[in-house]
Amino acid sequence: MTIEYIRYRIADPERRTAFEKAYTAAAEQLDAAPQCLGYDLAHGVEEPDRYILRIEWTSVEDHLQGFRGGPLFGPFLASVRPYIDDIEEMKHYARTPVASARRAATLYEAVGGAPALRRLSDTFYETVLADPVLAPVFARFTPEHRDHVAVWLAEVFGGPADFTAELGGHQGLLRGHLGLAITDAQRSRWLELMSRAVDKELPPDPALRRRVMDYFDWGTRIAQDVSRQPADADLGDPGPTPRWGWEKDGAGNNGA
């Protein structure tokens with residue numbers, strides 16, 4: 001693999017806007033190119049007239065001969081041709097051993113996707129159903145509940161939105177807690193058993209564990225509040241299913 005850096009300097013703010021639109025169009029060709037492994041366009045903060053385009057290619061030869069010699073290069077060049085004279089550098093670079101571990105874009109990817117979340121749910125509920133503190137909360141438990149929890153977590157952590165599409169969304173999840181009257185002791189025990197399941201089933205990444213457990217702490221507080229309402233309570237519109245990532249929590253707050 002090789003990395004191409006193209007550094008641009010564009011003084012006119014209107015041309016910058018057009019430049020970003022041009023690369024949005026050109027990116028379609030990069031997405032379709034088997035030689036391109038990924039790309040991103042960064043905009044200068046201290047010097048807003050500067051841009052750096054970073055493209056990962058399978059090799060220098062694949063870039064220069066494969067992509068540039070193929071049918072996708074023409075449309076790509078047509079999109080960005082007005083900005084060729086703005087280029088200050090266009091070079092290929094090789095990686096060095098100095099690099100941080102790459103972080104998955106979403107918690108869903110970081111935990112290992114749907115299979116990992118299903119294992120987490122299975123392990124957790126094996127202990128919950130045998131626990132004298134929590135068993136009363138799950139008196140209406142069904143085997144499908146394990147699957148539904150895994151699907152919910154997948155959506156919350158940035159994966160497929162199948163809970164919203166097929167299982168009632170945020171409203172459905174909350175309604176399932178009405179009338180349960182969850183106590184502080186039950187909530188604490190729930191978090192304790194989930195913490196054990198996380199340690200057993202998810203990757204041993206401290207930052208990932210912290211964000212996952214942050215979500216469970218936040219989510220169980222809401223579940224406990226809802227559980228204090230009668231089973232026929234009107235919850236109104238709770239909004240869409242929350243999303244939980246590396247930096248933002250489901251309420252839109254910075255969780256870093």
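One is the number of the first residue; the rest follow in order along the sequence.
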query = How long is the gap from CD on Q35 to CD on Q65, to the nearest 0.5 Å?
reply = 11.0 Å
ask   = Under 6.0 Å from the six-membered ring centre of W246 and within 45° of its axis: does the NZ or CZ of R211 meet both?
value = no
ask   = Would the Y23 and Y51 ring centres measure less than 6.0 Å apart?
value = no
query = Counting only N and O atoms by type, is there a donor-acceptor contact under 3.5 Å from the side chain of H170 to the main-chain atoms of P240?
reply = yes
ask   = Which pair of heavy atoms, one from L30 and one from C36, lies closest together, and at what distance?
value = O-CB, 3.5 Å
task = Identify whether V60 and W57 are in the same connected component of the hydrophobic contact network (ILVMFWY, side-chain heavy atoms under 4.5 Å).
result = no
ask   = Got a donor-acceptor contact below 3.5 angstrom from the T220 side chain to the D217 backbone?
value = yes
query = Given the rule in the side-chain contact (heavy atoms from CB on, under 4.5 Å) test, do F163 and V156 qualify, once you have shown the distances and angles that lead to the verdict?
reply = CA-CA 9 Å; F163 198 96; V156 169; over 6 Å; no
Selection residues 15-27 - residue pairs positive for salt bridge (charged side-chain N to carboxylate O under 4.0 Å, His left out), sequence neighbours left out = R15-D86
task = Check whether any side-chain heavy atom of R187 sits under 4.5 Å from a side-chain heavy atom of R221, and report yes or no.
result = yes
query = If Ile, Leu, Val, Met, Phe, Trp and Tyr residues are connected whenever their side-chain heavy atoms lie under 4.5 Å apart, and connections chain through other members, are I84 and I55 in the same group?
reply = yes
query = For D40, does the CG atom have more than 12 heavy-atom neighbours from other residues, nucleotides or ligands under 6.0 Å away?
reply = yes
task = Report the distance from atom CD1 of I222 to atom CG of L174, rounding to the nearest 0.5 Å.
result = 7.5 Å
task = Looking only at non-hydrogen atoms, find the nearest pair between R146 and S121 and report the distance.
result = O-OG, 2.9 Å
message = Nearest 0.5 Å, please: how far is CG in L72 from CG in L77?
response = 12.5 Å
request  = Answer yes or no: are there more than 12 heavy-atom neighbours, outside E89 itself, under 6.0 Å from its atom CD?
outcome  = yes
task = Check whether any side-chain heavy atom of Y215 lies under 4.5 Å from a side-chain heavy atom of L153, and answer yes or no.
result = yes
inquiry  = Under a 3.5 Å distance rule, please check whether Q224 uses its side chain to pair with a backbone N or O of I182 as donor and acceptor.
reply    = yes
ask   = Can you tell me how far CG of D12 sits from CD of E14, rounded to the nearest 0.5 angstrom?
value = 5.5 Å
query = Under 3.5 Å, is there a donor-acceptor pair between the side chain of Q186 and the main chain of V133?
reply = yes
task = Verify, without hydrogens or angle tests, whether R54 (side chain) and I6 (backbone) share a donor-acceptor contact under 3.5 angstrom.
result = no
ask   = Is the backbone of E155 close enough, under 3.5 Å, to the side chain of R243 for a donor and an acceptor to pair up by distance?
value = yes
inquiry  = Looking at every heavy atom in both L129 and A135, which two are closest together, and how far apart are they?
reply    = O-CB, 3.9 Å
key: Identified ring pair (Phe, Tyr, Trp, His ring centres under 6.0 Å) counterpart of W244 within the set Y108, W218, W152   = W218
query = So, T2 and S59: side-chain donor and acceptor under 3.5 Å apart, yes or no?
reply = no
task = Taking all heavy atoms of P34 and all of T58, pick out the closest pair and write down the distance.
result = O-CG2, 4.0 Å
task = Return the minimal non-hydrogen interatomic distance between F73 and F67, and the atom names on each side.
result = CB-O, 3.3 Å
remark   = Closest non-hydrogen atoms of Q171 and D237, given as atom of the first, atom of the second and distance, are NE2-CA, 4.4 Å
key: Residues D205, R210: salt bridge by 4.0 Å N-O rule   = no
query = Do the side chain of S188 and the main chain of D184 share a donor and acceptor less than 3.5 angstrom apart?
reply = yes
message = Once rounded to the nearest 0.5 Å, what's the spacing between atom CE of M213 and atom CG of L208?
response = 11.5 Å
inquiry  = I'd like to know whether F141 forms a side-chain contact (heavy atoms from CB on, under 4.5 Å) with V128, so could you lay out the CA-CA distance, the side-chain angles of the two residues, the decisive distance to 0.1 Å, and finally the verdict.
reply    = CA-CA 11 Å; F141 181 88; V128 162; over 6 Å; no
Min side-chain heavy-atom separation M90-E4 under 4.5 Å = yes
inquiry  = Is it the case that the side chains of T123 and R196 hold a donor-acceptor pair, with the cut-off being a distance below 3.5 Å and no angle test?
reply    = no
request  = Find out if a path of hydrophobic residues (ILVMFWY) with successive side-chain heavy-atom gaps under 4.5 Å connects L173 to L191.
outcome  = yes
ask   = Between Q229 (side chain) and D234 (backbone), is there a donor-acceptor pair under 3.5 Å?
value = no
message = Quick check on the hydrophobic clustering: are I87 and I10 connected, directly or via other members, by side-chain heavy-atom contacts under 4.5 Å?
response = yes
query = With hydrophobic residues grouped by side-chain heavy-atom distances under 4.5 Å, do F19 and Y39 end up in a single group?
reply = yes
key: Chi angles and distances behind the side-chain contact (heavy atoms from CB on, under 4.5 Å) call for L167, D162   = CA-CA 7 Å; L167 297 173; D162 292 341; over 6 Å; no
key: pair R209-D199: side-chain heavy atoms closer than 4.5 Å   = yes
Ring center gap for Y8 and Y83 short of 6.0 angstrom = no
ask   = Backbone N or O of R68 within a donor-acceptor pair of the H63 side chain at under 3.5 Å?
value = no
ask   = Is there side-chain contact between L178 and L235, with at least one heavy-atom pair below 4.5 Å?
value = yes
ask   = Between H145 and F138, does a side-chain contact (heavy atoms from CB on, under 4.5 Å) hold up when you go through it step by step?
value = CA-CA 10 Å; H145 186 81; F138 294 92; 4.1 Å; yes
ask   = For V198, does its backbone N or O pair with a side-chain atom of E201 as donor and acceptor, under 3.5 Å?
value = no
